[in-house]
There are 2 protein chains.
Amino acid sequence: MDTAELIITEAHGLIQSHGYHGFSYQDLADRLGIRKPSIYHHFPSKADLGRAVVARYRAKIGAVATQIKIAGDIEPWSALSLYVAPLAEIGRTPDQACLCAVLGGEYLVLPSAMQDEVAAFYRDQIAFVTELLDRGRRIGAFQFRGEPAAMARLAFAAIEGGMAIKRALDDTSFFDGILATLRQVLGGDGN
Amino acid sequence: MDTAELIITEAHGLIQSHGYHGFSYQDLADRLGIRKPSIYHHFPSKADLGRAVVARYRAKIGAVATQIKIAGDIEPWSALSLYVAPLAEIGRTPDQACLCAVLGGEYLVLPSAMQDEVAAFYRDQIAFVTELLDRGRRIGAFQFRGEPAAMARLAFAAIEGGMAIKRALDDTSFFDGILATLRQVLGGDGN
DNA sequence: GTCTATACAAAGATAGAC
DNA sequence: GTCTATCTTTGTATAGAC
């Protein structure tokens with residue numbers, strides 16, 4: 001893997017646990033076993049690096065959604081499980097959280113390029129969940145009242161909020177519980 | 001109002017928008033029109049101040065819950081509205097968020113006294129909502145399936161998550177929408 | 001209780017050699 | 001592409017006068 005990619009990976013981990021303002025190029029250099037100025041060769045400023053980290057994460061999570069959309073006829077409950085899988089994995093760890101759940105707290109003091117990426121992430125995800133819920137209910141798989149868009153916002157807010165809360169409560173099953181309750185709300189007895 | 005209280009108030013505002021690591025005693029001094037060392041007279045360290053800010057917020061939100069519990073026979077939908085009112089007010093602003101929604105992102109790099117306060121806040125709130133939902137369903141006001149505790153966790157996660165997301169989406173009605181959908185999930189057509 | 005002055009460390013960043 | 005050396009600013013904090 002090339003160095004830039006390694007830097008992004010390590011930075012992702014640091015932001016996820018420490019926040020954007022909670023990590024420094026020095027932390028990064030220590031973990032990578034290189035010197036601070038070497039990082040500047042790849043990312044001329046911390047804001048550039050931050051933007052790259054969120055952009056890659058957005059692309060990664062977005063790719064899952066895209067694959068589900070391409071195979072347009074996946075059974076809605078399965079599609080939901082597929083979509084939620086990478087988030088659930090993060091949710092089961094004691095110290096990680098969705099990158100954008102962490103950055104949401106710092107939003108107003110983020111470099112503007114990062115703000116744009118974070119906002120785009122939220123919008124993408126809510127749009128995808130909206131589509132999924134809409135189709136699922138039309139087909140008869142989901143049963144909930146109200147607008148799919150409204151339910152999607154609730155679901156996504158709970159996912160992001162759950163990520164933040166579970167670390168403080170030190171309960172690795174907290175997030176899975178949120179997901180299970182969400183499934184129940186969507187009308188089945190779960191999966 | 002005494003100076004310590006003024007400092008806490010100003011610090012609360014700064015943390016709410018900038019996060020704990022995003023504000024300094026200098027920022028605070030500028031806003032208060034005093035000098036940095038004067039703040040140290042009241043709060044010997046930034047961690048002390050941070051703890052005091054969260055403690056006061058926790059007491060404030062907790063007081064609402066306590067009042068509702070004392071008057072034990074309030075109609076559940078009204079009790080919910082009362083409880084949610086101060087949060088809804090924050091939610092309607094473009095740049096504020098629940099203090100603990102912001103601090104959740106920074107949780108792992110918070111001074112441990114602050115971590116304790118934040119975790120206690122989450123626990124308090126979830127416990128209160130659990131009680132409220134439980135009683136409400138017994139009485140027949142709410143109609144949802146599953147454990148009250150599970151539904152309370154979902155509701156509270158959505159509240160905290162919604163606070164963070166709405167700032168990025170720059171949509172002042174986003175949070176009210178979350179609340180409305182939550183009411184719908186609890187079984188009525190809203191209020 | 002508030003001030004001036006200052007210590008000390010860390011952060012973001014650049015210059016220029018290899 | 002990575003290094004050493006260095007600059008500048010900011011952040012947390014203390015000493016001690018008023």
Side-chain angles (χ1 to χ4, degrees), chain A residues 1-56 102-103 105-115 117, chain B residues 1-56 102-103 105-115 117:
Chain A
M1 208 197 302
D2 74 297
T3 310
E5 205 59 30
L6 284 171
I7 293 170
I8 292 180
T9 300
E10 209 62 54
H12 185 125
L14 278 167
I15 295 175
Q16 212 170 35
S17 55
H18 294 64
Y20 177 72
H21 288 93
F23 91 100
S24 70
Y25 269 33
Q26 188 59 61
D27 297 328
L28 216 41
D30 291 345
R31 292 199 176 198
L32 291 162
I34 59 177
R35 305 291 161 179
K36 257 200 296 181
S38 307
I39 305 174
Y40 281 93
H41 175 74
H42 301 280
F43 300 98
S45 79
K46 194 184 173 185
D48 289 313
L49 173 55
R51 199 206 56 80
V53 169
V54 189
R56 197 189 66 174
V102 170
L103 294 176
E106 300 182 87
Y107 187 78
L108 298 177
V109 277
L110 250 28
S112 75
M114 286 186 75
Q115 292 185 330
E117 286 292 337
Chain B
M1 208 197 300
D2 75 296
T3 310
E5 205 58 31
L6 285 172
I7 293 171
I8 292 180
T9 300
E10 209 63 52
H12 184 124
L14 278 167
I15 295 175
Q16 214 170 33
S17 54
H18 293 63
Y20 177 72
H21 288 93
F23 91 98
S24 70
Y25 270 34
Q26 188 60 61
D27 298 328
L28 216 42
D30 291 345
R31 292 199 177 197
L32 291 162
I34 59 177
R35 304 292 162 178
K36 263 199 291 182
S38 307
I39 305 174
Y40 281 92
H41 176 75
H42 301 279
F43 300 97
S45 78
K46 194 184 172 185
D48 289 314
L49 173 54
R51 200 207 55 81
V53 170
V54 189
R56 198 188 65 175
V102 170
L103 294 177
E106 300 182 87
Y107 187 77
L108 298 178
V109 277
L110 250 28
S112 76
M114 286 186 75
Q115 291 185 332
E117 286 291 338

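Lettering of chains follows the sequences in order, A, B, ..., and the numbering in each one begins at 1.
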Nucleotide nearest Y40(B) (side chain, heavy atoms from C-beta), chosen from dA13(C), dA5(C), dT12(D): dT12(D)
Check: R31(B) and D27(B) side chains under 4.5 Å, non-hydrogen atoms: no
Nearest-angstrom distance from the residue atom CD of Q26(B) to C1' of dA13(D): 13 Å
Can you check the L32(B) CG to dC3(C) C1' distance for me, whole Å? 15 Å
Let's see if you can work this out: which of dA13(C), dT2(D), dT4(D) has an atom nearest to the side-chain heavy atoms of R35(A)? dT4(D)
In short, V102(A) meets I15(A) closest at the heavy-atom pair CG1-O, 3.5 Å
Hey, does the side chain of S24(A) come within less than 4.0 Å of dA13(C)'s phosphate (OP1/OP2), counting only N and O? no
Which pair of non-hydrogen atoms, one from E117(A) and one from A55(A), has the smallest distance, and what is that distance? OE1-CA, 3.5 Å
Counting only side-chain nitrogens and oxygens, does S38(A) get under 4.0 Å of the OP1 or OP2 atom of dT4(D)? no
H41(B) has its side chain closest, among dA13(C), dT2(C), dA5(D), to dT2(C)
Winner on side-chain proximity to I34(A), out of dT2(C), dC3(D), dA13(D), is dC3(D)
Value in whole Å for how far the P atom of dA11(C) lies from NE2 of H21(B): 11 Å
Check Y25(A) against F43(A) and note the closest heavy-atom contact, atom names and distance. OH-O, 3.1 Å
Do H42(B) and L49(B) touch side chain to side chain, with heavy atoms closer than 4.5 Å? no
Under 4.0 Å between a side-chain N or O of H42(B) and OP1 or OP2 of dT2(C)? yes
Calculate the interatomic distance between L28(A) atom CG and dA13(C) atom C1'; express it in whole Å. 15 Å
Whole angstrom is fine here: how far is it from CD1 in I39(B) over to P in dA13(D)? 12 Å
What's the NZ-P distance between K36(B) and dA15(D), to the nearest Å? 16 Å
Tell me: NZ of K46(A) to P of dA10(C), nearest whole Å? 15 Å
For a quick check of understanding: with a heavy-atom distance under 4.0 Å over all strands, which category does Y25(A) fall into, base, sugar-phosphate or nothing? sugar-phosphate
